[in-house]
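This report concerns only the one structure given below.
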Amino acid sequence: MFFTVILILVSVNPCFSQGNSFKLNDREYFEMRGFNVLVFENQYNGMFFDEKTAGILLIHHGVRTATGGAVRLKPTPEQWDQIPVVTERKVNREDNSIDVTLRYADFDFTSHVHVKPQGSSVMITVTLDKPLPEKLAGRAGFNIEFLPSEYFGKIYLMDNISGLFPLYPASSMDVKPMATQITQFAGFSTFDDHGRAEYVEPKPIAEGKNLILAPEDPERRISIQTANGTLMLLDGRAVAQNGWYVVRTLIPSDQTGKVVEWTLTPNIIPNWTRPPMIAHSQVGYYPDQEKIAVIELDKNDKPLQNASMLRLTNSGEWIEEFSGEVKTWGTYLRYNYARFDFSSVKTPGIYVIKYGNQKTDPFQIGENIFDNAWQQTLDVWFPVQMDHMYVNEAYRVWHGAAHLDDALQAPINHQHFDGFSMGDTTETKYKPLERIPGMNAGGWFDAGDYDLRTGSHCITISNLVNSWEHFNVNRDETLVNQGQRFVDIHHPDGKPDILQQIEHGTLFLIAQQRAFGRAITTVIEPNLHQYHHLGDAVNITDNLNYNPNLKEYESDGKSSGTKDDRWVFTNKSSQTNYSSLVSLAGASRALKGYNNSLAEECLATAKKIWIDEHNQPVQPNRQGSRFTGTGEMEAALQLYISTKESGFADRFKELLWPAMERGYIMYMRLAVTAVPYMDKAYKEQLTPYVQKFKTANDDMFKQNPFGVLISTGGWGGNEGVISWAITNYLLYKSFPEIIGPEYTERGMAFIYGCHPGSNVSFVSGVGTHSAEVAYGNNRADFTFIAGGVVPGILILKPDFPEHMGKWPFLWGENEYVINICAEYIYLVNAIIDLKKTEK
Ligand SMILES: [Ca+2]
Ligand SMILES: [Ca+2]
Ligand SMILES: [Ca+2]
């Protein structure tokens, strides 16, 4: 069937605004009002390969619209395609230019990229000292990637022929023999063609010398001209849903010197100033709590003197309830900040903040605003993450019962692409690739992917247990039938949902203990082409056990000729085993009276782990530092709470106090958790640390205007903020004379929108405006899973806070993870408890 692309010839005014020129600023990027070019300040770190945050980046009218400017080896590189290493980066102040040298070691291929402004354009040139290696002929090119969600519904002009940026990819494809494929990460393949030994690449959707993106949109219009070769416009989404629109020029074979020469010219709106961003809670505030909006301003903007609060009357009119001073805070990252304190507004109602001509989304002030803020996380988000279960919600089936063919012992001497590895022994009684009994029950998909991680399970279970024990969270709106592997959302079954979730997570931990006599690290797909799965989890594996008598891809309906898919990584780790103990000891208390036999097994297993770990040398954790927990110390505390045997309390204190000297901030949550179970002397010994903790809390206002710790790593810091807010809640409960409720409330307001970059609520479906396009396992549909909490703000070096609200695929900004969601349930219940306590 043919389809017609309607080409509209648009006469475009070639005049881009002038009189605004670039300077290389002291943060080492090219800056012009309304446009920045960052040259490899953010590098490929190799951790998750291409995170779409590295290379040459363009920030156009305040939005990072382009990324990944670099010499690349594919038309539209995927996450796990080869990335160049920066061997040299030179900032030439006198020349007003930046040079980077890029290298692909596999091909002994080095190229130099030179970036230099010229008037209101930027020249990008690639030079080679030696001609392209033969293997890279027709493969290496200079690419830059444009963010699809910023160009949806917009037009491009290639040599004056126009086309519409496709909302959905429908490129023509090239089929190529696998032998010509450039090796992906560590020899893995993102592509599964069921044995055909081929792969596909998109063909250009337009080619020419002169490309203008979004000629009709002054905010997004940008032109690229090439001096030699052609420009190709490609759509990376045809091979990977998280692909971007790519502009590319191939490097010619047999040439040295300048091989690519681009002129890139952005349109700049004259005197463009980023509109103020009024950071506030999208859920709202208690009448009596601290209420401060943080106003984020372009550095060319001047703060206004006043802002006001408008309240909605019953007849639908906005009336001014309060007007107050806007106080300058100072500069943080690339913006200036001011703060507007409206704590004195206490009348319950519906409000907006008015600042100049701008009004925020409406939000509420009232006594009950948090009462319904956590339920979606327990009712919807957690059920959707349940592995080995069929999960239904009204007319929708979220997924079938997946991974029923779990799981095989991981083979020896294997390095997995997600960071796990096996040495020269399995460290278990199982042979490599032997089936492990009982692993096809319980467990949650870790995040937007489908692995089951012991570490994140432990944190999740412990937080759910705490919510049960501290707040009696006995809501029942979900049916869970383990025998039938059936979950039905919005269907009460007479059993508390939180216990059903604790049971489901515990089944995964206990299955490990039954099979191995200890905890293991993770259960994960071994193939890259499965790992990036999008769609119903039931289809990641064939759900049938392997039968060597059948051919590959053949099935007799009961078994399968395709090798089984999920592997258990079984390295010993005392830390992981202790973390498991912590959760099992907690679960034993919660599950008592609900599932007595499991509760008893949990406690007996926890005690056994304690004995085992004390009878053998400490087994170092070789799977990275993530989720290391607090080991024996927390294990001792949980065993003490479960058994009341004083030996455990003594051991806990023996380990705690030296740890507090090493890092009281890190261990404070654990220390304060213990207060209700310890004596007066313990509390007294903790008091000076709490005083120091308060000072550290207050010092946060010196770091940023939000007064919470904002992380600068490669993953947004919301979990740290939630955990800090919980610590402060526990401190407030035990030391109200030192720690007030404001820190907990401040952390909560940060999650709900009072943060840099944007003012969206980071909990999908909670608040007037929330993360409605997120990195759940349904991300390819540009939607969300209700109640999921995203990591939030990523700070791109050197000064750009970012949370993409329309593009779900940056995991560091948008990926839900189980542990943060469990902590969130606890935090909201803590906030609700604050109100009860205050009264
Ligand atoms: Ca994962
Ligand atoms: Ca239930
Ligand atoms: Ca199978």
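Counting from 1, the numbers follow the sequence of the chain as shown. Not measured: the values here are computed from a predicted model. Read the numbers this way: they start at 1 and go in the same order the structure lists the ligands and their atoms.
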Give the C-alpha distance, both sets of side-chain angles, the deciding distance and a yes or no for salt bridge (charged side-chain N to carboxylate O under 4.0 Å, His left out) between D405 and K563.
CA-CA 10 Å; D405 44 357; K563 289 207 173 120; over 6 Å; no
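- Annotation: F49 is in aromatic contact with F185 [ring centroid separation under 6.0 Å].
- The six-membered or imidazole ring of W80 lies away from that of F188, with a centre-to-centre distance of 6.0 Å or more.
- In summary, the side chains of S559 and N545 do not present any donor paired with an acceptor at a separation below 3.5 Å, with no hydrogens or angles considered.
- Per residue D449, closest N, O or S atom to the Ca ion (ligand 1): atom name OD2.
- Of all N, O or S atoms in D564, the one lying closest to the Ca ion (ligand 3) is OD1.
- Among the heteroatoms counted here (N, O or S) of D446, OD2 is the one nearest to the Ca ion (ligand 1).
- Ring to ring, F445 and H399 are close: their centroids are under 6.0 angstrom apart.
- Vertex the Ca ion (ligand 3), arms ending at OD1 of D542 and O of L544: the angle is 80° after rounding to 10 degrees.
- The N, O or S atom of D405 lying closest to the Ca ion (ligand 3) is OD2.
- Of the charged side-chain nitrogens involved, at least one lies within less than 4.0 Å of a carboxylate oxygen, so that D50 and K52 count as a salt-bridged pair.
- The Ca ion (ligand 2) is closest to atom OD1 of D476 (considering only N, O or S atoms).
- Aromatic ring centroids of Y826 and W374 lie 6.0 Å or more apart.
- The atom name of the N/O/S atom in D497 closest to the Ca ion (ligand 2) is OD1.
- Metal site remark for the Ca ion (ligand 2): D493 contributes an N, O or S atom at a distance under 3.0 Å.
- Within the 3.0 Å limit, P492 places no N, O or S atom next to the Ca ion (ligand 2).
- At a cut-off of 3.0 Å, D451 coordinates the Ca ion (ligand 1) through an N, O or S atom.
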